[in-house]
Each structure stands twice: as C-alpha cells, then as structure tokens.
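These notes concern the structure reproduced below.
These figures come from a predicted structure and were not determined experimentally.
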Amino acid sequence: TLPATFRLDDDSNATLPNNRSFTVPTGPYSVTESLVSGWELTSLTCNDSNGNWDLTTRQASLNVETGETITCTFTNTKYGSLAGRKYHDLDGSGTKQTVEPYLDGWTIDLLDVNLQLLNSVVTGTDSLEDGQYKFTNLLPGTYYTCERLQSGWVQTDPSSGTIYNGTYCRERTVTAGQNITGVHFGNRGALSITACKWEDSNGQSEEGNFSPVSGWDMTLGDTTQATGENGCTTFSNLIPGSYSVSEAETKGWYSADDQATQRATLTDSDVTLDFYNYRLGTISGSKWDDLDGDGEQGDEPPIFDWHIQLFASNDGDKGDQIGEDVLTSTDGNYLFTGVEPGDYYVCEVEQDGWTQTYPNFDSEYGNCHPVTVTSAGEYTGLDFGNYRYGRIHGYKYEDKNGNGEWDDGEDWLNGWEICLDNEDWEGKECVNTYNSEEYGDGYFTFGGLEYGDYTLTENATNSNYQRTQPESRSYPIPVQS
C-alpha cells in the first residue's frame, strides 16, 4: 500500500505553524489537542468520513486509508474576563470618590444575554482586592453583572439600565481575549438617625411638656449638624451598625436624663433619639413692714436682713430645705437663683414680735408661698408682709408746780388707773401705774396692740388732784406696726 499523509491544521493566528503533516501507515489514529489555560476549544472538524471527533475530549478518532489525506481543524478562542469593585458611596453621588472605601462581602452575579445566572462571586474574598469581584474564562459574548442588594442600603451606581432582582445591572460585551475592568457598583446607606432637642419644662424627661430647641449642634462621628426649627436634625445615608450621637454642651442648660450621648443600632429601620434639657429658674420677692396690718403692700417700708428659705415640696408637704437661707436686701428684696424645675415652698423665718400678714396664715400653705418652677422660669412677687404689735406706755407724775410738764424732783405716782379704749373693743382696758424694775415708779404699759386708733385716759378718783396734762381728758393715739 502507498504511504498515507496526515496533516494537522490550527487556526490562522500564526501562534503555531499553520499546519503539521504526518506521513503514516494506513490504520486507525487519534489526534488530541492539549488543554491550554486561557483558551477554549470551540470547533473541531476533520474530512474523514470514517472518523469521529468530540469537543469535550478535544480528540479526533480517524481511519487512514491508502493514499488518503485527512485534514483536521482545531479552532480555539481565547477567554476574556469581567472585573470591578464595590464601593461605599458616602455622598450618594453615584461616582467613586478617593475617600470612599470599598465594600467586602457583597454578592455579584454574572448573567448571560438572556439574564440567566451563570456564576456568582463575593467581593473581597480569596485573592481578590478590597471590594473586588472578577469573572474569568468568559467566551466572547454579552454579559450582565448585577449586585444583590443588602438590607439598609440603596444602590447609587449604576442608576439606570437592565433590572435584575430589584437592582440595576451593568451590560458588557466581551471579545476574545478581552479583560474588562472598572465595572463598579456603588451604594449608600438607606437608614437614618434623627436627633431631636427638647426643652423639658419640668426636667422630668418623659413626663414634662416639651418645646423644640433649634440651632443646637448634634454630632455623629465626624459630622456635626444643627437642629432645625422643629428641634430635629437627621443624619442620612447610614448603613446598618451601631452609632453614637452626642449633643453639644451649652452653658446654662442641663440634661434632664443625663444622656448627653446616646447610642443607636441600625438594622432595617430608621431611629429617632430624643435629648431633653432644661434651664434653671429664679424665685424672687420682697419683704415689707405692713404698717397697717392689712396684708396688702402699700406705701410701706421694706424690711432688710430677714431670712427667707426655700423648701422642696414632698407630695404637697414641705420637704427638705434647698440650699442656704437668703437675706432680704436694703430694699427688702430677695432672690433665689439656679433653681431646678420642680415644686417648692418659699417661706420666711419667723421672728419674735412680728406677725405675718401676707401670705395669710389661714391659707392652705401656712406662711409659705407654693411655687412650681419650670425650665428658665422667673417667678416674682412672692412677697411677705409682717406687722409688729404696737405698745403704748408712759408715766403718772405729780405736777407740783402745775406747769403741765414733768420737772426734775417731781414724784412718780403708783396706783393710778390708766385706761385704753378702741372703737372695735367692747370695753376699756385699764391698768394701774406701778413700780417697774426696768422703768421705775409710776409706769404703765399696754402691749400687743393691733393697727388702729386708740384713746388713752386716766381714771381720776382722788379729788385732791387736778389734771394738768393733757389739757384734754385723754390722748388720741394711732398705732401702727
């Protein structure tokens, strides 16, 4: 038999010699292509009517006959790839900024042109860089890469295109041997923390009446924002995790619940944090000498250096004293500063010889003013009036020279009856002159007299004496504090 000729023909890219020829005896033969990384056998044909070949095994089985020339063509395509990165779009702009970090742990899907899932990878795993994903060994064709959205996030890049599982996909056409990069995905947080600032009128946090405070700085991480007219500010674009929000320390304000910093954990919903603050109040009033004892302050003089006290209210009863006594000033005024919101009693310290006329002893609160202090409250007019009982006193003497005046050497007379009368009394009050250890002979006194007009007379029972003072029979005497 004549020798047969066998020729192996590869593709036309000149990577190998265009053909190989083998002169072989007749008989069965097999030709196999070795697997080369980065290439895919896409076609295998031979002009042998008696042979067969298989792309899967990359092998052609041939039967060479006498004088036969068989040509087999192996066609290969070089693989391509698709790669990109997943980043945290902090500003929600849809464009990667230098300071914005990459995100690991996100699943990226590879779909064919019919949106059928081909493969999936997780960013940042194995040998991949931070936030990177990569699909290799891709034959020429059109592909879609799509992210799987995680709870608490919003996709910002891309913002349009084919949608798969609720997110926008990126479409790329890969040619033979093409390695496409820069197919990125950006996301921002979908969650928020709203911090609200309230002035707490009674300083009891959740029990008072609240009013919003605008212009108060709140800080989350490196971000500081001022509260608006509604007392709130919102930190947006946050991702799931734990956060701390702090209020700025402001002079004159105090935290009602000692929570100047609060923590919040975001999972799948927004969070609102309330900050309650209060300001200290003042209590003031005056102390006056109630000359007429009517309990109303008229043109009457102040009383200075009088002790005024502040007490806590304990379920309506007077509790512990708050701070030290304050003294009324020369103009009779007093002032308590730095008073926290709450219920109090303002009381004066009783002094011997004085009777309180305002507030009235018959009131529910005795000699004290009840007052409820709210945040920044200024409470004035908590006044106190007092009256000192009057006293009328004098002497009885023997006017030896009858001139109507006491002169040296004239005797004081004991045992004479002196009487005092008031139109509101049912009768007179009379006393006898006597020898007082402090004031001597002929002395008389009437004490504990309330405001009013009195008449002082003597009861002359001795006919041997003639009255020389006063010229009239009595003294009209007005008594005030």
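Evaluation of the side chain to side chain donor-acceptor pair (under 3.5 Å) test over residues 449-458, restricted to residues two or more places apart or in two chains, returns K396-E458. Pairs engaging residues 255-269 under the salt bridge (Lys or Arg N to Asp or Glu O under 4.0 Å) rule: none recorded [sequence neighbours left out]. Sorted by first then second residue, the ring-ring contact (aromatic ring centres under 6.0 Å, His included) pairs that include residues 219-252, not counting sequence neighbours, number zero.
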Practice prompt. Determine, stepwise, if the pair N401 / D407 fulfils side chain to side chain donor-acceptor pair (under 3.5 Å).
Written response: CA-CA 9 Å; N401 59 12; D407 300 309; 2.8 Å; yes

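Annotation: cation-pi pair R172/Y143 absent, no NZ/CZ under 6.0 Å from the ring centroid and within 45° of its normal. Judged by the 6.0 Å distance and 45° axis criteria, K318 is not positioned over the aromatic ring of Y345. Geometrically, K96 does not engage F185 in a cation-pi contact, judged by NZ or CZ lying under 6.0 Å from the ring centre and within 45° of the ring axis.
Partners of S375 by side chain to side chain contact (heavy atoms under 4.5 Å, CB included), not counting sequence neighbours, listed by chain and number: E199, Y278, R279. Legend: residues meeting side chain to side chain contact (heavy atoms under 4.5 Å, CB included) with T372, ordered by chain and number and at least two apart, are D343. Listed by chain and residue number, T261 satisfy the side-chain hydrogen bond (donor to acceptor under 3.5 Å, both in side chains) test with S246 (two or more places apart in sequence, or in another chain).
Atom OG1 of residue T355 and atom CD of residue E350 lie 9.0 Å apart, to the nearest 0.5 angstrom. Put simply, CG on L110 and OG on S120 are 8.0 Å apart, with the number rounded to the nearest 0.5 Å. Expressed to the nearest 0.5 Å, how far CG of L266 lies from CD1 of I239 amounts to 9.5 Å.
Inter-residue side-chain proximity for M218 and F275 is flagged as met; some heavy-atom pair is nearer than 4.5 Å. The closest side-chain heavy-atom distance from L82 to Q178 is not below 4.5 Å.
Within a 6.0 Å radius of CG in D305, more than 12 heavy atoms belonging to other residues, nucleotides or ligands are found.
Under a 4.0 Å N-O distance rule, the pair D109/R148 qualifies as a salt bridge.
Just one residue in the list D217, T233, T219 forms a side-chain hydrogen bond (donor to acceptor under 3.5 Å, both in side chains) with T224, and that residue is T219.
One N or O on the side chain of D383 and one on the backbone of S286 form a donor-acceptor pair closer than 3.5 Å.
Note on ring orientation: taking the six-membered ring where Trp is involved, the planes of F210 and W198 are tilted (angle from 30° to 60°).
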